[in-house]
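Just so we're clear, the structure is a prediction, and the values are computed from it rather than from any experiment. The basis for the numbers below is simple: all heavy atoms, side chains too, and nothing from hydrogens, waters or symmetry mates.
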Amino acid sequence: MKIKILFLIFFASVSILFSCAKKSVPRNTTETSTAKRSTTSKTKTPVPKVIVVNDAVAQKTVDGRYYYDLNGKRYYRNNKDGKYYLFNKSMYNNPEFKPQP
C-alpha cells in the first residue's frame, strides 16, 4: 500500500515538473513576418443637421415636444416649419421648439 502511494506521489511530481518545462514558441516564417495587415479605415457617415420625419413615428417627451432618435442622435421638432433639427442647448430657450398649448 505504501508503494502505491509513493508511486503516485512520484508520478505526480514528475508529471508536474515535465509539464511546466514545456514552452511553446511560435516559429518565425517568411509567410507570417512579411504579411501586412490591411487597415481599412471606416468612413464616418455625415450627420444631417435637419431631417424630415412623419409625426406618427416621432415620440413625445413629458413636456410635449416631439423628438426622433436616429443613429444615436436626437432630433427635436421645430413647430414653425415642421422639420426635425439636431439637438443643441439653444432649443430650450427658442420658442419655435417649445410645445404649443
Side-chain angles (χ1 to χ4, degrees):
M1 188 69 173
K2 290 183 178 181
I3 296 174
K4 288 183 180 179
I5 294 174
L6 288 174
F7 180 72
L8 286 174
I9 292 172
F10 175 75
F11 181 72
S13 63
V14 169
S15 64
I16 289 173
L17 288 174
F18 282 112
S19 65
C20 292
K22 292 182 181 179
K23 293 182 180 179
S24 60
V25 178
R27 287 189 271 165
N28 289 334
T29 61
T30 59
E31 192 174 299
T32 57
S33 62
T34 59
K36 293 183 181 178
R37 294 184 183 179
S38 62
T39 57
T40 56
S41 61
K42 293 182 181 180
T43 57
K44 293 183 180 180
T45 56
V47 178
K49 301 288 182 189
V50 180
I51 59 173
V52 178
V53 178
N54 188 354
D55 288 340
V57 273
Q59 298 175 354
K60 208 173 201 182
T61 61
V62 177
D63 62 350
R65 298 179 191 194
Y66 283 102
Y67 71 93
Y68 185 76
D69 292 330
L70 178 68
N71 295 332
K73 307 287 184 186
R74 182 156 287 185
Y75 294 85
Y76 281 97
R77 183 177 187 267
N78 183 337
N79 293 323
K80 187 176 182 181
D81 59 4
K83 295 180 182 177
Y84 286 77
Y85 291 87
L86 189 61
F87 173 76
N88 59 22
K89 291 181 182 180
S90 67
M91 291 181 177
Y92 287 119
N93 299 328
N94 193 342
E96 295 176 356
F97 290 97
K98 292 185 179 178
Q100 296 173 351

### Query
Residues two or more places apart in sequence or in another chain: which of them pass side-chain contact (heavy atoms from CB on, under 4.5 Å) with Pro99?
Arg65
### Message
Does atom CG (Asn71) have a neighbourhood of more than 12 heavy atoms from anything else shown, all under 6.0 Å?
### Response
no
### Task
Quick one: sort the Tyr76 and Tyr67 rings into parallel, tilted or perpendicular, breaks at 30° and 60°.
tilted
### Query
Shared ILVMFWY cluster between Phe87 and Tyr84, side chains joined below 4.5 angstrom?
no
### Task
Give, for atom CD of Glu96 and atom NZ of Lys83, the distance between the pair rounded to the nearest 0.5 Å.
12.5 Å
Sequence neighbours left out, cut at 3.5 Å: what donor-acceptor pairs do the side chains of residues 45-54 make with other protein atoms?
unit_1, atom_1, unit_2, atom_2, d
Asn54, OD1, Ala56, N, 3.3

#### Entry: Tyr75 versus Leu70, closest heavy-atom pair with distance
CE1-CB, 3.9 Å
### Task
Taking all heavy atoms of Asn79 and all of Lys98, pick out the closest pair and write down the distance.
ND2-O, 2.5 Å
### Task
Assess whether atom CD1 of Ile3 is packed by more than 12 heavy atoms of other residues, nucleotides or ligands within 6.0 Å.
no
### Task
Work out which heavy atom in Asp55 is nearest to a heavy atom in Tyr66; give both atom names and the distance.
O-CE2, 4.3 Å
### Query
Going from OH on Tyr92 to CG on Asp63, what distance comes out if it is rounded to the nearest 0.5 angstrom?
8.5 Å
